There are 2 protein chains.
Amino acid sequence: MSLYEGGEMARAKRTTKEKLLDAAEKLFARKGYHGTSLRQITREAGVDLALVNYHFGGKEKLFEAVLDRRGAMLNEERLRRLEEVCRAAAPRPAATEAVVGAFFDPILDFLEHAGPGWHSYFSLLAWVNNSPQWGKRLMGKTFNATVKRFIEALMDSLPKAAPEDIYWGYNFLTGALTLSLAETGRLDVLSGGLCRSVDVAALRARLGPFVAAGLRGLAQRGG
Amino acid sequence: MSLYEGGEMARAKRTTKEKLLDAAEKLFARKGYHGTSLRQITREAGVDLALVNYHFGGKEKLFEAVLDRRGAMLNEERLRRLEEVCRAAAPRPAATEAVVGAFFDPILDFLEHAGPGWHSYFSLLAWVNNSPQWGKRLMGKTFNATVKRFIEALMDSLPKAAPEDIYWGYNFLTGALTLSLAETGRLDVLSGGLCRSVDVAALRARLGPFVAAGLRGLAQRGG
DNA sequence: CGGTCTATTGAACGACCGTTGAAGTCTAAG
DNA sequence: CTTAGACTTCAACGGTCGTTCAATAGACCG
């Protein structure tokens, strides 16, 4: 099974758990946690309401299960590419552009080549990352270990930068990514249709250069 | 009355409408629209439940009223500073750094010198800006006219950049700002306490340089 | 004083929420 | 076939939701 099967389980019959995860992923991404009811989810999934509690133990457990499902795969792919660019550059540290590429590219590849489930997942991830209520705990649980590896690599790639600048830079970096994944459609409106927020190729061509230049600018701040 | 009175109406007695707007602003910012009930809001405000419908006509109208209240003031201040930097640089276009400064500084000044209401408002604004459900309509209604002025100024400041690059750059810019305003506390965790997301001075020192360098990098993309 | 308009109160409405438990169905092993 | 266990169905629970309305209070003016 390819990395890009997309989790949509084409042809194969989805289990009840998978139907629920798919439906919850889609609806949570659109309306958020409190804006989505279990009745909407089970109707979308075509299963009985009580099965949420049977399989997951409650609404909040279902929510976390949605985030966990693809989170591990994203971490693996990001770390794989980070090691790759670090190995290719050894014994020198990997370039800033390569590190941010290892961070962004797995997401962009999944968006471009995988099914709509990944689309919803990333939109939901953007929602969670910006949420004062969920962000700290849920993002940390899944991504802290991986993110710390990337921050170390960024520090190595910009040895003259202060650690504070790298942490703030990572904050800006993930903010730029997050809004791009949220699928608000606002970019389309502002540009009068010239830019389309679902255009992954256009995003890929610009996000890396913007962020790498921003980080270098931070590193040379005032100097 | 100073711009920085903060809207908290110190000493002066707040009207019922203001009490409701303040309470709604605070709670919507923390838990989102669907995560906040009118009963929580009226309890926080110390007024009767039915007064929401009397004064605002419903929950959704109250939500929009919260966003409108400070939005106009933010627009005015941003445009005032944009004209200022454009006039100072005339007949040449204002520098990229000056334009992004005119965009960020009003927010940072309100955060630093005004009351907690602005804090909640910006956190809520970050929530709305990232929401697939609310982002397009509500952000556009309040901010489109102002944002278009800033995008024009950015294009003038970077004449070699393609319009698409400026639109995408604005998207990254506002994403970096948005996550910084969301108050998720995640930066504090990741940096082990080295950085504090409520430290406006630290944010001010880094957000402008990062974004300006990113935009310049975009403008020279591939060249 | 009486009258009018605005503001506030308290109670109630129907709708939907997440969760539960008992009963039923299906499958596979004894 | 019988039994055990996993899965599914159905109906209902208590609670909270946004909204409504008649009744009340207060302010202002003639």
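Fair warning: this is a prediction, and the values are worked out from it, not measured in the lab. First the proteins, then the strands, lettered A, B, ... as listed; each starts at 1.
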Describe the nucleic acid contact of B/T15 in one word from base, sugar-phosphate, nothing, applying a heavy-atom distance below 4.0 Å.
-> nothing
Keeping the roles fixed (side chain from B/T42, backbone from B/R39), state whether a donor-acceptor pair exists under 3.5 Å.
-> yes
Do A/R81 and A/E77 have side chains that get closer than 4.5 Å, going by heavy atoms?
-> yes
Atom-pair distance (CZ on A/F56; C1' on C/dT20), nearest Å = 18 Å
Integer-rounded Å distance: C/dC16 P and B/R39 CZ | 16 Å
Hey, does the side chain of B/S123 reach the backbone of B/H119 with a donor-acceptor pair shorter than 3.5 angstrom?
-> no
Compute the ring centroids of B/W127 and B/Y33, then answer whether they are less than 6.0 Å apart.
-> no
Test log, rule side chain to side chain contact (heavy atoms under 4.5 Å, CB included), inputs B/L154 and B/V100 | CA-CA 8 Å; B/L154 287 177; B/V100 303; 4.1 Å; yes
Identify whether the distance between the nearest side-chain nitrogen and carboxylate oxygen of B/E25 and B/R70 falls below 4.0 Å.
-> yes
Residues in residues 42-50 of chain B with a heavy atom under 4.0 Å of DNA chain D, by number, are B/L49, B/A50
Under 3.5 Å, is there a donor-acceptor pair between the side chain of A/K141 and the main chain of A/D68?
-> no
Could you give the NZ-to-C1' distance, from B/K59 to C/dC16, as a whole number of Å?
-> 13 Å
Please check the phosphate of C/dC17 (OP1 and OP2 only) for any side-chain N or O of A/S37 closer than 4.0 Å.
-> yes
Could you tell me if the ring centre of B/F150 sits under 6.0 Å from that of B/F143?
-> no
For the pair made of CG in B/N53 and C1' in C/dG10, what is the distance, rounded to whole Å?
-> 15 Å
Taking heavy atoms of chain A and a 4.0 Å limit, find me the 5'-most and 3'-most nucleotide of DNA chain D within that range.
-> D/dA6 to D/dA12
Evaluate the criterion salt bridge (Lys or Arg N to Asp or Glu O under 4.0 Å) for residue pair A/R204 and A/D105; output intermediate values, then yes/no.
-> CA-CA 8 Å; A/R204 188 196 295 275; A/D105 285 341; 3.5 Å; yes
Between the protein and nucleotides 4-7 of chain C, list the N/O to N/O atom pairs that are separated by less than 3.5 angstrom.
| residue | atom | partner | partner atom | Å |
| --- | --- | --- | --- | --- |
| C/dA7 | OP2 | B/Y54 | OH | 3.0 |

Passes side chain to side chain donor-acceptor pair (under 3.5 Å), A/S180 versus B/N171? Steps please.
-> CA-CA 7 Å; A/S180 303; B/N171 184 66; 3.0 Å; yes
Would the A/W168 and B/F210 ring centres measure less than 6.0 Å apart?
-> no
